[in-house]
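In listed order, ligands and their atoms are each counted from 1. All figures in this text were calculated on a predicted structure; none of them were measured in a lab.
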Amino acid sequence: MMAKALLIIDYTNDFVADKGALTCGASGQAIADSIVGLAHTFLKEGQWIILPTDLHVKGDPYHPETKLFPPHNLKDSWGRGLYGSLDEWYRLNKSSDHVYFMDKNRYSAFANTNLENYLRSRGIDELWLTGVCTDICVLHTAVDAYNKNFRLVVPRNAVASFSQSGHEWALNHFRTCLGASVVDA
Ligand code: ZN
């Protein structure tokens, strides 16, 4: 019996809150309850919850995102804090060894991180992808997961983007090219 993990990607104030530096705004805020509901369920079922979260240094001349986006998810900033009810859920459950908050520094949660080792060593072969943005960090994580033979599930009401057309495009791509089950959760 293989295990599954819920990935909650970049669900921080900068990406979700009204005052966030690179925010999805209302579409991002609307998925909070679905994400927290899934986190409760996964923990109750003895599955895994992983929170891959962007970590940046302001004005880093060596990082490609510096030219592309305003500064976001800076170390120890309010913007890098988890958003809303997820922050509360994390505070209550972070001591569980089935809850893993991890830094990342590229769109994909697999790039430059120990995520693959973490998953393989626990026998996790199915990933539920949630968070933001559907067509950026969720997409790039999904592509890497597909290339590494993980099974993918994307709950459509637990992912969001600042671009509605990008969101729709990515949901279609998950299904038609990455073999993901796109479900209501
Ligand atoms: Zn970033």
Query raised in the report: Is it true that the side chains of Y100 and N114 contain a donor and an acceptor less than 3.5 Å apart?
Result: yes
Query raised in the report: Do you know which N/O/S atom name in H56 is closest to the Zn ion (ligand 1)?
Result: NE2
Query raised in the report: Got a sec: is D10 within less than 2.8 Å of the Zn ion (ligand 1) via an N/O/S atom?
Result: no
Query raised in the report: Quick check: does C137 have an N/O/S atom under 2.8 Å of the Zn ion (ligand 1)?
Result: no
Query raised in the report: Out of N13, D14, D103, which one pairs with R80 under the side-chain hydrogen bond (donor to acceptor under 3.5 Å, both in side chains) rule?
Result: D103
Query raised in the report: Does a donor on one side chain sit under 3.5 Å from an acceptor on the other, for N117 and R120?
Result: no
Report task. Give a yes/no verdict on a cation-pi contact between K4 and F42, requiring under 6.0 Å between NZ or CZ and the six-membered ring centre and an angle within 45° of the axis. Result -> yes
**Report entry** Angle, OD2 of D54 through the Zn ion (ligand 1) to OE1 of E65 - 10° precision
**Finding:** 170°
